[in-house]
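Note sheet for the following structure.
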Amino acid sequence: MFWYNSVNGFSHSAGKRAPTFGRRGVHMAEEVRVRFAPSPTGYLHVGGARTALFNWLWARHTGGTFILRIEDTDRKRYVPDSLDDIMASLRWLGLEWDEGPDAGGPYGPYFQSQRLEHYHRYAEELIARGAAYRCYCTPERLAQVREERRRRGLPPGYDRHCRYLPEEERARLEAEGTPSVVRLKVPETGQTVVHDLLRGEIAFDNQKLEDVVLLKSDGYPTYHLAVVVDDHLMRISHVMRADEWISSFPLHALIYRALEWEMPVFVHLPMILDPSGKGKLSKRKQRRPDGQVEENMTMVREFREAGYLPEALFNFLATLGWAYSGEQEIFSVEEAVAKFELEDIRTAPAVFSYEKLEWMNGVYIRALAPEELARRLVPFMERAGLRVTADDLLPLIPLVQERLKTLADGPAYLDFFFQDIETPSADVLVPKKMDAPRTLEALRAAREVLAEVEWNEEAIEARLRQLAGELGLKAGQLFQPIRVATTGKRVAPPLFGTLYHLGRERALERIDRALQVLEQAAVQEQ
RNA sequence: GCCCCCAUCGUCUAGAGGACUAGGAUACCACCCUUUCAAGGUGGAGACAGGGGUUCGAAUCCCCUUGGGGGCACCA
């Protein structure tokens, strides 16, 4: 049979550094069409987002088309709100699609559940061409077979029972209306050689391949059939998908060849690994940044809620498995689009580094216009119970901008501006190498200065520095009690700006409360 | 178990046989700056998994070993 010659279709091995277009020279002018095809079985995972991102980057780089296709062929695992999350997360990252749900397009519908007639048609076509067959085995029998094979030390799989069903038996089962699936008729000998842009040729012994189910008994296709049919019908030029699909790649190739369809260029993307380096990134794994045991963040929405900027996540994900030069790693969207090349995608799996993402997020936060930072901080302040507007925040931005790692850090740095503080205890108020009486004396003096100083940052700083000298204290010894008294924190934004924006009245009021605490402590120490 | 993929500092990576005393970033450490914390500056420690080939010459090409990962559903 023609498709037993599995090596056809490839003129030469491209190898690791093959030119992107050269291999399919005839198609150099052909439009690039790529797709991201998630299944609505859960929220968008950062691994999925990275796949989407690479596809999007390639589409934008080439002036091609980015398609969103929903692979909703598993009715059992369907999660109702996952589709909304996937679309919202993609848009949050800036990965707008040209064709797909909402957008529409000439090759729709873009939900596989609405394309069943196509899968049925090509399943029949495959049967007619002798490349597939109906299988009437029950799930129970299949389970039995698997168990049996396991016991005999064989790889789990189907025993091809129905492939060799006598014709009269087949007719009888059909007449009885026995439920059936359609299976791929994999050649029993020879090899299937597939081509990956980055890895070159990969050969599989047909003997090791399985007669996978193409069409389920509920009439829905499996991934294997649906992906091939849709990629062909939607005229996909490049398939970029996760590494884990390499195993079923030969099955897909067999379907393409049986249907005599030309294959797109395949690029398998490296896996994203858990920080432990053990296995795919998943929620189950735990990380402990400071001894704390917690769940990994894996969903795009979680990063958004944790105060990461979309541009930072975008940049980080873009450099996970793709490197432009080894020198540059901060890329604007435009730069990434301009510089993205398929050849520069790595094949080795990459560990997801939360530390590096956090650093990068800080870089992007520092680069934000103050007005913009203020605007983005508002929801995080509100979530912490602080009712503020961007205008309230704006004057305070210079105090915190270079300190924030995430937007969620905002409240911890700024809450005392917007709500009263708990009066700090003496042990927090008294700096190292100081005692309560001396701290009390210093803070009293500071109160007097602050009560009459002209209320601007420069004057406050000048007078307090002068005071420190008069008291024979180091700057920190005077400033720290003031900081703690007015902010309730040991760690807070720069003092003079803080005092200025807090206002004289509130600053003095908080200092007075701290003085009471210190008075008591001073008495007790004597 | 079988099949497939992968292998440079802890991590992300540069490296296309000679430009490698292996570069950058992050994380870490020290110092500087400094009112705390950051940010910034300077410096430091830190890698070609192992073994065979090929070659005048190997991080780079080939083979083996080891290690890691993925897959083996009427899931995607």
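Naming: A, B, ... by sequence-line order, numbering from 1 per chain.
Among the heavy atoms of the strands lying under 4.0 Å from A:Pro493 is at least one base atom, whether or not backbone atoms are also near. Counting any heavy atom pair closer than 4.0 Å across all strands shown, A:Pro494 reaches a base atom.
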Please write out the pairs of protein N or O atoms and N or O atoms of nucleotides 20-23 of chain B separated by less than 3.5 Å, giving the distance to one decimal.
unit_1 : atom_1 : unit_2   : atom_2 : d
B:G23  : N2     : A:Gly326 : O      : 3.0

Protein N or O to nucleotides 72-76 of chain B N or O, pairs below 3.5 Å:
unit_1 : atom_1 : unit_2   : atom_2 : d
B:C72  : O2'    : A:Pro156 : O      : 3.4
B:C74  : O2     : A:Ser217 : N      : 2.7
B:C74  : O2     : A:Ser217 : OG     : 2.7
B:C74  : N3     : A:Ser217 : OG     : 2.9
B:C74  : N4     : A:Cys137 : O      : 3.3
B:C75  : OP2    : A:Lys216 : NZ     : 3.0
B:C75  : O2'    : A:Asp74  : OD2    : 2.7
B:C75  : O2'    : A:Arg77  : NE     : 3.2
B:C75  : O2'    : A:Arg77  : NH2    : 2.8
B:C75  : O2     : A:Arg77  : NH1    : 3.3
B:C75  : O2     : A:Arg77  : NH2    : 3.2
B:A76  : OP1    : A:Thr73  : OG1    : 2.6
B:A76  : OP1    : A:Lys216 : NZ     : 3.0
B:A76  : OP2    : A:Tyr223 : N      : 3.0
B:A76  : O4'    : A:Arg77  : NH2    : 3.4
B:A76  : O3'    : A:Glu71  : OE1    : 3.0

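Salt bridge absent: A:Arg241 and A:Glu71 never bring a charged side-chain N and a carboxylate O closer than 4.0 Å. A salt bridge links A:Arg69 to A:Asp231: at least one charged side-chain nitrogen sits closer than 4.0 Å to a carboxylate oxygen.
Applying the ring-ring contact (aromatic ring centres under 6.0 Å, His included) test to every pair with at least one member in residues 467-487 of chain A, sequence neighbours left out, gives these pairs: A:Phe479-A:Phe496.
Aromatic ring pairs are classed by plane angle as parallel below 30°, tilted from 30° to 60° and perpendicular above 60°; the pair A:His501 and A:Phe417 is perpendicular. Ring pair A:Phe266/A:His268 is parallel by interplanar angle, where below 30° counts as parallel and above 60° as perpendicular.
Note: A:Phe352 and A:Phe303 meet the aromatic proximity criterion, with ring centroids under 6.0 Å apart.
Each of A:Phe204 and A:Ala475 has a nearest nucleotide on RNA chain B; the 5'-most of these lies closest to A:Phe204.
One donor-acceptor pair, N or O on each side, does fall under 3.5 Å between the base of B:A25 and the side chain of A:Lys356.
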